[in-house]
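Protein chains get the first letters and strands the later ones, always in sequence-line order, with residue 1 at the start of each. In this text, all values refer to a predicted model and were calculated from it rather than measured experimentally.
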Amino acid sequence: MALTLDADTALIRDTAFDFFAKRSPVSALRKLRDDKDALGFSLPLWRQMVELGWAGFLVPEAHGGSDFGCLGLGQVLEAAGRTLAASPLVATALIGASALALAGSAAQKAAHLPALAKGERLVALALEEGPHHAPYRIATAARRAGTGFRLEGEKRLVLDGHVADLLIVAARSSGTADERGGITLFLVPADAAGVARTRSVMVDSRNAALVRLDGVELGEEAVLGRVDAGAEVLDPVLDRARAGLAAEMLGSAAEAFERTVQYLKDRKQFGVPIGSFQALKHRAAAMFCEIELARSAVVAALAALDAGGDEASALASLAKAKAGDALFLVGNEGVQMHGGIGMTDEHEIGFFLKRARVAQASFGDGAFQRDRYAALMGY
Amino acid sequence: MAADAAAFRAEARAWLEANCPPSMRTPMPDDEVVWGGRRASFKNPDSKLWLERMAAKGWTVPTWPRDYGGGGLSDAEARILEEEMRRLNCRSPLQSFGIWMLGPVLLEFGTEAQKAAHLPRIARGEIRWCQGYSEPEAGSDLAGLKTRAVLQGEHFLVNGHKIWTSYANFADWIFCLVRTDPSAKKHEGISFLLIDMDDPGVRTRPIRLISGASPFCETFIENVRVPQENLVGGLNNGWTIAKKLLEHERKMIASIGERQRGAERSLAALAKAYAGERDGRVADAVLRDRIAQHEIDQRAFRLTQRRAAEEAKSGSPGPASAMFKYYGTELNKRKFELLLHCVGTQALGWQGDGFSRDELRIAREWLRSKANSIEGGTSEIQLNIIAKRVLGLPD
Ligand SMILES: Cc1cc2nc3c(=O)[nH]c(=O)nc-3n(C[C@H](O)[C@H](O)[C@H](O)COP(=O)(O)OP(=O)(O)OC[C@H]3O[C@@H](n4cnc5c(N)ncnc54)[C@H](O)[C@@H]3O)c2cc1C
């Protein structure tokens, strides 16, 4: 398993870096925020991404995708992270496509994947119920009703939840909260009767929603994967989500870091550039190391997911932990090293700090990933 | 390419299985570590056999050219050999400053005669080298060194005082930084000299460390005549070589946590044994988190070393070696702090009853690890190098 990119992947990377830098700079996110844009992302920009094939990177060729893999999509996400670009890449292209491709029945795949790859179907995973990532802590009930099920419960931090066409809902069909068994995944059309969605405005200005399921009636065909065995789908999907989000955070960390280093060279106090002060130099050098480590972890995780070995889960958690910690560090140091200007809304460095916290908490923060890593390693 | 690699792996594995004595596949006690040299002693006769076999194969220095006693392997092949040695728990046959530091710069800067004279003897473990860089007044500010070498006809006359010279009392030769032009700017008047320590003008005095061992010395050089042919890389050109050598040294120290000592118990295993286990997990959640944090960092660090090796176009480590030196040594220090935390007071014994041999080793290794972020250039100096040479921050 190489840790350097092959020519095809390197080309995707270059294309993506160029794309986001030109078409979706940080100012685009600011505009979405200030305009209180209903979608929370730019539809024309999304169409251009779809044209570049990114929506279908995890969709099999038979269903209209390219099956290019996680390492490729990771490059795009890293590039998006550089400019904090808002788009359905994470919720739809990464998570939605993974869930459907890994666990969908023939009919489900045929119904959703081609549309997804064409950018015409937005998907959202409705998983979390509390303020901390806890994939098995699910109280939303799926009760047998006739030949189908009836869902009752409330989901939070549903990425793209208010704009998605299709929700993937994790519900408890048996067992007790916190139990890995007894979870079932359902494909729920967003306009199904009993579904109520409210947008949550988050500190990072990115999409999330509250989804209420109030007696939503579903047939057997809505089950994704097997009844009571939803965790078997959830685990590999969350591995991909973690590694993909790690790639995005790596991009944000690298960008915030480079901006900060540039500021250290430009800003003068006491008649000299502030970057000549050793107290700042050493902290900058330490950040550099953390970003380099995060980069290796992210590449290793993405490559392992594509290779499909049993290392992938541990590496995904490792990457999420390292990239999250790196972005957290750089976000905070970035603001501090910019001084007063770093505290202003007008300056962009604060956007990185805000994104850091939300991305870190999504699909498990450092403590969660470390605990999971330890469990996977047998301690 | 892949087929060649597979063939080489099979060949290396078969050779190691046939030639590595069984006792060389067990964890290496400190007193069986082989450093070679004129006065080499082998507590375990298998160590000698293993060294001779590896040296004959050229595998004490796998990537050096065959002409100089090396194995002529590519970097990729050398990595495979390393992996296979690790798989079989083979001990490293020879520890050597000649291999880690002097050899690489001789290959780059040495004359043909210097290479032919010194490299094969390093490869076979016949000559043990030490490093004469630091002086009482020149540590981090290495270029402030004062040891003088005056050219007199065919010889340099050398006088000076080196300090912290690791294993000088066991070494045969010393590679030394000396001042050859006191009037030039401090970096420009330094030369790199090879000195045979057999000369009665070279004396060493061991110094004891906080760990109780005496692995380094003061080295006094008094009126020692050194033939001109022992000057490496030209007169007053020593700083360039000094820095290159430091890059190799830093790369070596960076992997301090990886040195092959056979199988060791993991932090998690020790935590379970000494601090408690519940449902198959380390019982103390705080300790568990700290262990996982360490193992995650360690693994990400190893991945970064691998990535750097894949990306490197030349064999030269470059300024990034500062990152590896800094991070690797800080990690190793953290590992020992954590080890103490896991093992509790059983790790704090100094000698005698009530502690196993392994337990007694911990406190001393913990103390020794504190030197990692000092020797070969301190952590602060590495951060300076990263800030200046990698990030381009101003002076
Ligand atoms: C176990 C061990 C083995 C060694 N082996 C050898 C050997 O074989 N051969 C050899 O030549 N040397 C050897 N050394 C010496 C080693 O290279 C020096 O100790 C090291 O370079 C630091 O120099 P110093 O001890 O004079 O400390 P100083 O340079 O006095 O440093 C003291 C403190 O000040 C800090 N400091 C100094 N300058 C700066 C700066 N510019 N910015 C910020 N902080 C700074 C340092 O980081 C350190 O924390 C060894 C040292 C040890 C501990």
Side-chain angles (χ1 to χ4, degrees), chain A residues 1-5 257-258 260-262 264-266 268 272-278 280-301 303 311 314-315 317-323 325-326 366-379, chain B residues 266-272 277-283 285-312 320 322-328 330-331 342 379-395:
Chain A
M1 195 176 71
L3 296 173
T4 39
L5 303 180
F257 177 64
E258 284 164 26
T260 301
V261 168
Q262 190 57 49
L264 295 182
K265 294 176 185 175
D266 295 342
K268 287 207 171 96
V272 293
I274 56 171
S276 63
F277 302 139
Q278 197 179 52
L280 301 188
K281 276 185 179 169
H282 281 191
R283 279 150 62 188
M287 281 191 266
F288 169 79
C289 297
E290 291 300 338
I291 293 171
E292 284 298 301
L293 261 67
R295 179 174 303 286
S296 315
V298 165
V299 180
E311 291 275 74
L315 284 169
S317 275
L318 186 151
K320 181 75 171 45
K322 279 311 283 179
D325 290 350
F368 176 93
Q369 307 303 343
R370 286 192 292 276
D371 185 62
R372 181 161 181 269
Y373 187 85
L376 289 166
M377 292 294 146
Y379 58 90
Chain B
S266 68
L267 284 171
L270 289 168
K272 284 181 185 173
E277 178 174 348
R278 195 180 308 130
D279 303 329
R281 305 197 72 185
V282 172
V286 175
L287 188 54
R288 185 164 74 222
D289 182 75
R290 289 180 60 195
I291 293 172
Q293 175 81 62
H294 178 78
E295 306 264 289
I296 281 174
D297 287 344
Q298 179 77 59
R299 191 156 171 191
F301 179 69
R302 257 182 238 147
L303 286 165
T304 307
Q305 286 180 309
R306 225 183 81 201
R307 183 165 63 84
E310 284 177 26
E311 283 168 0
M323 169 175 82
F324 293 112
K325 164 67 168 78
Y326 163 69
Y327 211 98
E330 293 296 336
L331 259 182
C342 292
S379 279
E380 290 76 18
I381 294 301
Q382 306 313 309
L383 292 171
N384 285 351
I385 294 174
I386 297 168
K388 180 173 177 167
R389 293 181 55 201
V390 181
L391 304 180
L393 290 171
D395 278 328

Whatever's closer than 4.5 Å to a heavy atom in chain B on A374(A) counts as both

Contacts of K322(A) meeting salt bridge (Lys or Arg N to Asp or Glu O under 4.0 Å) (sequence neighbours excluded), chain-then-number -> E290(A), D297(B)

Applying a strict 4.5 Å limit to non-hydrogen atoms, the region of A286(A) in contact with chain B is both

Okay, Y326(B) and chain A: the region with an atom under 4.5 Å from a heavy atom over there is side chain

Applying a strict 4.5 Å limit to non-hydrogen atoms, the region of I291(B) in contact with chain A is both

Ranked by heavy-atom pairs below 4.5 Å to chain A, first place among A292(B), G392(B), A320(B) goes to A292(B)

What one should report as the nearest heavy-atom pair of A387(B) and A285(A) is N-CB, 4.3 Å

So, the part of D279(B) with a heavy atom under 4.5 Å from chain A: the answer is neither

> Does V282(B) offer a backbone N or O that forms a donor-acceptor pair with the side chain of R288(B) under 3.5 Å?
Replying inline: yes

Cut-off 4.5 Å, heavy atoms of chain A, and the answer for E380(B) is both

Comparing Q369(A), R283(A), E311(A) against chain B, the one with the most heavy-atom pairs below 4.5 Å turns out to be E311(A)

Turns out that what part of F368(A) lies under 4.5 Å from chain B's heavy atoms comes down to neither

In short, A375(A) meets R281(B) closest at the heavy-atom pair N-NH2, 3.3 Å

- [ ] For K265(A), look at atom NZ and say whether over 12 heavy atoms of other residues, nucleotides or ligands are found less than 6.0 Å away.
- [x] yes

The interface call for Q278(A) against chain B, heavy-atom contacts under 4.5 Å, is side chain

Cut-off 4.5 Å, heavy atoms of chain B, and the answer for A2(A) is both

Quick one: do R299(B) and E295(B) make a salt bridge, cutoff under 4.0 Å? no

Bottom line for L280(A): the part with an atom under 4.5 Å from chain B's heavy atoms is neither

Whatever's closer than 4.5 Å to a heavy atom in chain B on A284(A) counts as both

Q) Is the shortest heavy-atom distance from the side chain of L267(B) to the side chain of H294(B) under 4.5 Å? A) yes

Comparing A271(B), A269(B), A300(B), S379(B) against chain A, the one with the most heavy-atom pairs below 4.5 Å turns out to be A300(B)

Heavy-atom check, side chain of L391(B) versus side chain of L264(A), under 4.5 Å
no

- Any side-chain heavy-atom pair of K325(B) and I385(B) under 4.5 Å: no

